[in-house]
Structures are given as C-alpha cells and as structure tokens.
A.B. asks: 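This is the structure, below, for whatever I ask next.
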Protein chains: 2
Amino acid sequence: MRIGELAERAGVSTRSLRYYEKQGMLTARRDANGYRVYDESDLELVREIRALLTVGFTLEDARPFVECLRAGNDTGDACPDSVAVYRRKLAEIDAEIRLLWQRRQRVAAQLTRACPGCVLRDFREG
Amino acid sequence: MRIGELAERAGVSTRSLRYYEKQGMLTARRDANGYRVYDESDLELVREIRALLTVGFTLEDARPFVECLRAGNDTGDACPDSVAVYRRKLAEIDAEIRLLWQRRQRVAAQLTRACPGCVLRDFREG
DNA sequence: CTTGACATTGACATTGGCGTCAAGCCGTAC
DNA sequence: GTACGGCTTGACGCCAATGTCAATGTCAAG
C-alpha cells in the first residue's frame, strides 16, 4: 500500500508517517515513481507507535518497541529494552504526579490564604 | 538599581528580565544612557513572577498578579482575577493528575502483561 | 588609549509532534 | 489535452522560556 492508505488505516496523517520515517522509526520501499510502499507489518508498527504515543511516550521511547517488532517478535514489548522503558516511564509518571501534587498543595494553600472559604466552597459546590 | 543587580537579587538572568519586559510583565525607567533602572517594587514584582512560575504557572497566568501588585495591593493575589487564576490552575493540575494517573494504570498493565512479576518485584525491592 | 565589565537590541537555537502551505511530478479518467 | 487527486520534498508556524551569539555602545580604572 502507499502512504495515503497506510495513513488512513492507521489513523494518522501522511505528514506524521514521513516524520516517523525521518526519525528512523519507519522505513519504506520505493516503487518506480519514488512513491513509498508499505506492507501489513508497517501498519502494525505504526499502530504500536500510536498506542505508545497516546499513553504519553515520546517517539524516542517507542524506538525499542519498534526494533523489537522488526526483530521478528509478535509484540513490541517482548524485548528487555522495551520492558526497561515501561519501568522507566512508570517512574517518570510517578515523579510527575508527585510534582503536580506538590504544586497542587501549594496553589491550594495560596488560594485558601488569598480567599478563605474558596476551596471549601469548591467542595460543597462540586 | 540596574538590570544586572536586579537579576542577581531576584535570582534570574538579565535575559529573562528583558523577556519579561517584552511580554509586558515589567517596565523600566531609562537613565540618560538608555540603561534600564529599577526600584525595590520591581524586585518584589519579579519575585512574585518567579514564585508563580516555579509552581507551574505560565507568564500569562502571572499577568493578573503583576497587575494586582501594580494597582497598589501588597500581595499579587489580593484581586479577584488572581484568585480566578488560582482556581483555574487548581482545576488544570487536577486534570493533569487524573490524566497521568490513567496513563500510569495503562503502562502498569502493559508492564504486568509483558513481564509478569516485574511490578510486584518493584514493590518488594523498593 | 586601552581593557574589561557592563549595557543595548536583534535574531537564531532548543524541545516535540505535528499542521499547513508551496511547487511540482505521476497517473488515470474524461 | 486537461483536469483532478495522490504523491514527492522542503520549509515555516506553534507553544514557553530562555540560552547563546552578534554587533555595538557606555563608563570607570589603569
């Protein structure tokens, strides 16, 4: 299939597919016209990438998963590098949540100080 | 005082101060040389901005606080607009935390599936 | 006079994942 | 032949908050 069909089937823009290719996440054969040609495995690959991006992974984070799939595994997370990324991302997410929570506490404290009753009123209203 | 001293005392770069000025967050008198001249109230203002930035506010978020201080209030959050920003930021932070939490759950589920025992082992180790 | 520390403005680089043109080639249908 | 849609590459825009030149001006000390 060509880039338009792959984009359609994977639910991404053609722009994104070319971007992924430029980042080395995707490779495409070319036909006589120079048009990119993809097969079913490329579709799976793009779907893997999208699934990871939607849970907050970066493209770089997704790289080991892509390489794992390319190596012939049926899932991208069948390789130790991918599992390591899972664990690292979990830690990152936890750190972010802690940071956000601290900020929340500080802002809530400021709000309470600036406008006593505001926070309490929130709880009663919502 | 001039820009270098203000930067030093507020703990920011001179580059940042000029940027704040370009964004309309800070105004400076100029002496005969064209050099920016600041007073103590400007220092307070910059400190207010920094305090807000460090809890995750954007410069735009900080604008009502700056205007509140300029209006003669002794704290930046003495005005309703500032309080409104507090409330909005609280809601934003809560939304972010919820999103991160959902992601965390999904990643944890994937990790468990890809490597049963990994998550449990984390709890035992740490 | 020169050096050096400070000041000025302006503009480009960074990070990420694209959207959105722009200009042109390819192929098919009419 | 021409119109249309899909493909190609390339490049700029966006968001935030600076960092980092670059080229030049100012001022006090030696």
Side-chain angles (χ1 to χ4, degrees), chain A residues 1-39 42 45-63 65-66 85 88-89 92-93 96 99-100 103, chain B residues 1-38 42 45-63 65-66 85 88-89 92-93 95-96 99-100 103:
Chain A
M1 82 193 86
R2 290 184 300 188
I3 198 170
E5 185 180 347
L6 178 60
E8 176 84 10
R9 291 223 270 159
V12 303
S13 65
T14 58
R15 179 75 185 81
S16 299
L17 294 179
R18 296 194 189 97
Y19 176 68
Y20 297 160
E21 180 174 322
K22 201 180 300 178
Q23 302 304 315
M25 308 294 295
L26 199 57
T27 54
R29 285 170 292 118
R30 302 297 185 115
D31 69 7
N33 305 328
Y35 286 14
R36 291 170 176 82
V37 178
Y38 303 95
D39 57 26
D42 293 315
L45 213 148
V46 174
R47 284 186 172 150
E48 177 86 17
I49 292 173
R50 296 305 304 185
L52 293 171
L53 289 183
T54 58
V55 292
F57 284 45
T58 67
L59 263 188
E60 274 315 302
D61 292 332
R63 196 176 294 277
F65 294 79
V66 168
V85 174
R88 179 170 56 75
K89 293 305 279 188
E92 286 178 12
I93 292 172
E96 276 190 73
L99 180 61
L100 279 175
R103 288 179 177 175
Chain B
M1 83 192 83
R2 290 185 298 188
I3 197 169
E5 185 180 347
L6 177 59
E8 176 84 11
R9 290 223 270 158
V12 304
S13 66
T14 57
R15 181 73 186 82
S16 299
L17 293 178
R18 296 195 190 96
Y19 176 67
Y20 296 161
E21 181 174 321
K22 201 181 302 178
Q23 302 304 313
M25 308 295 295
L26 200 56
T27 55
R29 285 170 293 117
R30 302 298 184 113
D31 68 9
N33 306 328
Y35 286 14
R36 291 169 175 81
V37 178
Y38 303 95
D42 294 315
L45 212 148
V46 174
R47 284 185 173 152
E48 176 85 16
I49 292 173
R50 295 307 302 188
L52 293 171
L53 290 183
T54 58
V55 292
F57 284 44
T58 67
L59 262 188
E60 274 316 302
D61 292 332
R63 195 177 295 277
F65 294 79
V66 169
V85 173
R88 178 169 57 75
K89 293 305 279 188
E92 286 178 13
I93 292 173
E96 277 189 72
L99 180 61
L100 280 175
R103 288 178 177 178

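In what follows, chains are A, B, ... by sequence order, proteins preceding strands, each numbered from 1.
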A.B. asks: NZ/B:K22 to CG/B:L59 distance, rounded to the nearest 0.5 angstrom?
C.D. replies: 12.5 Å
A.B. asks: Show me the pairs that pass salt bridge (charged side-chain N to carboxylate O under 4.0 Å, His left out) and involve residues 46-55 of chain A, at least two apart or across chains.
C.D. replies: none
A.B. asks: Please determine if A:E21 and A:R18 form a salt bridge, counting it only when a charged side-chain N lies under 4.0 Å from a carboxylate O.
C.D. replies: no
A.B. asks: To the nearest 0.5 Å, how far apart are NZ in B:K89 and CZ in A:R103?
C.D. replies: 8.5 Å
A.B. asks: Which donor-acceptor pairs under 3.5 Å do the side chains of residues 2-11 of chain A make with protein atoms, sequence neighbours left out?
C.D. replies:
from: A:R9; atom 1: NH2; to: A:E40; atom 2: OE1; distance (Å): 3.4
from: A:R9; atom 1: NH2; to: A:E40; atom 2: OE2; distance (Å): 2.5

A.B. asks: Are any of A:N33's side-chain N or O atoms less than 4.0 Å away from OP1 or OP2 of C:dC25?
C.D. replies: no
A.B. asks: Of all nucleotides in DNA chain D with an atom under 4.0 Å from a non-hydrogen atom of chain A, which is the first and which the last going 5' to 3'?
C.D. replies: D:dG6 to D:dA11
A.B. asks: First locate atom CD of B:E92, then atom CG of A:L100, and finally report the distance between them rounded to the nearest 0.5 Å.
C.D. replies: 11.0 Å
A.B. asks: Where along nucleotides 9-20 of chain C does protein come under 4.0 Å, by heavy atom, of base (B) or sugar-phosphate alone (S), with - for untouched nucleotides?
C.D. replies: B-B-----BBBB
A.B. asks: Mind checking the CG-CG spacing from B:L17 to B:L26? Nearest 0.5 Å is all I need.
C.D. replies: 6.5 Å
A.B. asks: Give the C-alpha distance, both sets of side-chain angles, the deciding distance and a yes or no for side chain to side chain contact (heavy atoms under 4.5 Å, CB included) between A:D39 and A:R29.
C.D. replies: CA-CA 9 Å; A:D39 57 26; A:R29 285 170 292 118; 4.2 Å; yes
A.B. asks: Going by side chain to side chain donor-acceptor pair (under 3.5 Å), name the residues that satisfy it together with B:T14, two or more places apart in sequence or in a different chain.
C.D. replies: none
A.B. asks: Measure the angle between the two terminal helix axes of the helix from C:dC1-D:dG30 to C:dC30-D:dG1, five base pairs each, and quote it to 10°.
C.D. replies: 50°
A.B. asks: Rounded to the nearest 0.5 Å, what separates atom CG in B:L53 from atom OG1 in B:T58?
C.D. replies: 8.0 Å
